[in-house]
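Order of the sequence lines sets the chain letters (A, B, ...), proteins ahead of strands, with each chain counted from 1.
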Protein chains: 2
Amino acid sequence: MIRIVVLGTGNVASHLIQAFEGASSVEVVQVYNRSMEGLDSLRFRGSSTTHLNELIDADCYIIAVPDDAVVNVSAALLFENRLVVHTSGSVAMNDLNAKNRKGVFYPLQTFSKNRKVYFNEIPLCLEATNNKDLEILKTMGRTISSAVFEIDSEKRKQLHLAAVFVCNFVNHLYHIGHEITEKNELPFSILKPLIKETAFKIERDSPAAMQTGPAKRNDINTMKKHLEILDVPIQKELYTLLSQAITETYGGEKL
Amino acid sequence: MIRIVVLGTGNVASHLIQAFEGASSVEVVQVYNRSMEGLDSLRFRGSSTTHLNELIDADCYIIAVPDDAVVNVSAALLFENRLVVHTSGSVAMNDLNAKNRKGVFYPLQTFSKNRKVYFNEIPLCLEATNNKDLEILKTMGRTISSAVFEIDSEKRKQLHLAAVFVCNFVNHLYHIGHEITEKNELPFSILKPLIKETAFKIERDSPAAMQTGPAKRNDINTMKKHLEILDVPIQKELYTLLSQAITETYGGEKL
């Protein structure tokens, strides 16, 4: 049995704790958070603490706190030479404090509170400084997901960057679509089948092969009409730049 | 029985013809295309022609050709006072030639050849100049979809603009994700669960409520690191502008 302590009670932490519940070879033995509030909202039935000096013995400590707090939490730990991993896409493994054995356990997914995620399909990107620790992380990973990858900090950084494009930026484009429909008293739901189909299409072929739209077919007339009816300046800029990126990719005239 | 002639053999035309196959109250009685080639690829078992003067009598003529060819095809028709509709998001109904009764039958979806779409969920945006014609279009629409909307040209233009953001531009961001993974010898498939979850999340709440990522949480450190490793100029520009759009929306510092 691999004993785990989870530090943090945010989206990633709470989803991880849920995912490990019921696993046969892994047990979350304790949850730490700096405030009681986070712990209360978690409803974790096991041991919990708000004091780092009360952390109990475990095979792996998972720091699942905001990216910019990872380094400080790892430095504040009071023990040495134990396996301490973080769950961040953008923090290098070596940013963890050197007094413990370092590792990364990065689930490549977007987590929201109150939304169940199915860990089994979530890619887990693992990294460790030695094979024994990597094996521990792999065993942990395989109990909750069938998509376990060994990925070093350099590649993980690139992956996180790609994730910002295909998730965070994509969601903002959904938001612009939402704004346009709301402003024109149209139901946003009318766009949902299109949004889903666009996401599903890439199962079949590369995004480049699936590109459609005015910019792809170099339909300058339509693009100009769209720019005329866009009245939010930054949305105009985005329209122009994204169209330009598409025409550059597929070789068309400049808008 | 409503008799339909379809003009065109592209993605929209071929999917419409397929969808009407087996409908009980609607029949595609003829397909026109300017070249034999398109007709051959279609494998339509009914009547077909490459000559506009051979078009047979029908209750509705659906012009499903590229947006910039709609007007010309509608002008080239040799009959008068029949119901002629187009399937384009960006062409106004009144751009159709005035010698026939005008209408729009716009399926809000992204179509690719060789990919089956399930019309039943596709929003159909309908418009006509009189109630009788609108009823014909509604009857046609309801035989293939449960999401039939009456939407005028002004609102359809806005909807098409929104669709460009949530489909065409989104797909280009997928493409950038694909480029980043390929360049770093990572499998693109590692991003697919994230892409799907991002698209599915909006079922639950507005995109704004679901926004995550460095720009949302004003994590300037991570954004700077991302800009450093982006080496394609227009991708850098896109990263900056999209991050700026997000911080503007949620109130953060400028990158």
Interchain contact, A/Asn171 with chain B, by part (heavy-atom threshold 4.5 Å)
both

Any donor-acceptor pair under 3.5 Å linking the side chain of A/Gln158 with the backbone of B/Thr181?
no

Checking heavy atoms, do the side chain of A/Thr212, its backbone, both or neither come under 4.5 Å from chain B?
both

Between A/Arg217 and B/Asp67, does any side-chain N to carboxylate O distance fall below 4.0 Å?
yes

Strictly less than 4.5 Å between heavy atoms, which residues of residues 11-21 of chain B line up against chain A? Please order them by number.
none

So, the part of A/Lys157 with a heavy atom under 4.5 Å from chain B: the answer is both

Where on A/Ile176 is there a heavy atom nearer than 4.5 Å to chain B: the side chain, the backbone, both, or neither?
side chain

Does any backbone or side-chain atom of B/Val164 lie under 4.5 Å from a heavy atom of chain A? Answer side chain, backbone, both or neither.
side chain

Under 4.5 Å to a heavy atom of chain B? For A/Lys183 that would be neither

With A/His226 via ring pair (Phe, Tyr, Trp, His ring centres under 6.0 Å) - residues at least two apart
A/Tyr239, B/His160

Between B/Glu179 and chain A, which part of the residue has a heavy atom less than 4.5 Å away: side chain, backbone, both or neither?
neither

Are the side chain of A/Thr110 and the backbone N or O of B/Thr198 linked by a donor-acceptor pair below 3.5 Å?
no

Answer whether the closest heavy-atom distance between the side chains of A/Leu230 and B/Leu161 falls below 4.5 Å.
yes

Check: B/Arg156 side chain, B/Leu126 main-chain N or O, donor-acceptor pair, under 3.5 Å
no

Go through A/Ile229, A/Thr222, A/Thr249 and name the one with the most non-hydrogen pairs under 4.5 angstrom from chain B.
A/Ile229

Under 4.5 Å from a heavy atom of chain A, the part of B/Leu238 involved:
both

Atom group of A/His175 that falls short of 4.5 Å from chain B, counting heavy atoms:
both

Sequence neighbours excluded, which residues qualify as ring pair (Phe, Tyr, Trp, His ring centres under 6.0 Å) partners of A/Tyr106?
none

Measuring heavy-atom distances to chain A, does B/Asn184 have an atom under 4.5 Å in its side chain, in its backbone, in both, or in neither?
both

Is B/Phe200 close to chain A through its backbone or its side chain, or both, or neither, when contacts mean heavy atoms under 4.5 Å?
both

Testing the 3.5 Å rule here: is there a donor-acceptor pair between the side chains of A/Ser90 and B/Lys225?
no

Non-hydrogen atoms of chain A under 4.5 Å away: do they reach the side chain of B/Asn221, the backbone, both or neither?
neither

Just by modelled atom types, is the B/Ala209 backbone N or O under 3.5 Å from a matching donor or acceptor in the B/Ser206 side chain?
yes

Which bit of B/Ala147 is near chain A, if near means a heavy-atom gap under 4.5 Å: side chain, backbone, both or neither?
neither

Side chain, backbone, both or neither: which part of A/Ile180 has a non-hydrogen atom closer than 4.5 Å to chain B?
side chain

Validation: residues 186-196 of chain B side-chain donor-acceptor distances under 3.5 Å, sequence neighbours left out:
from: B/Lys192; atom 1: NZ; to: A/Ile202; atom 2: O; distance (Å): 3.4
from: B/Lys196; atom 1: NZ; to: A/Glu203; atom 2: OE2; distance (Å): 3.1

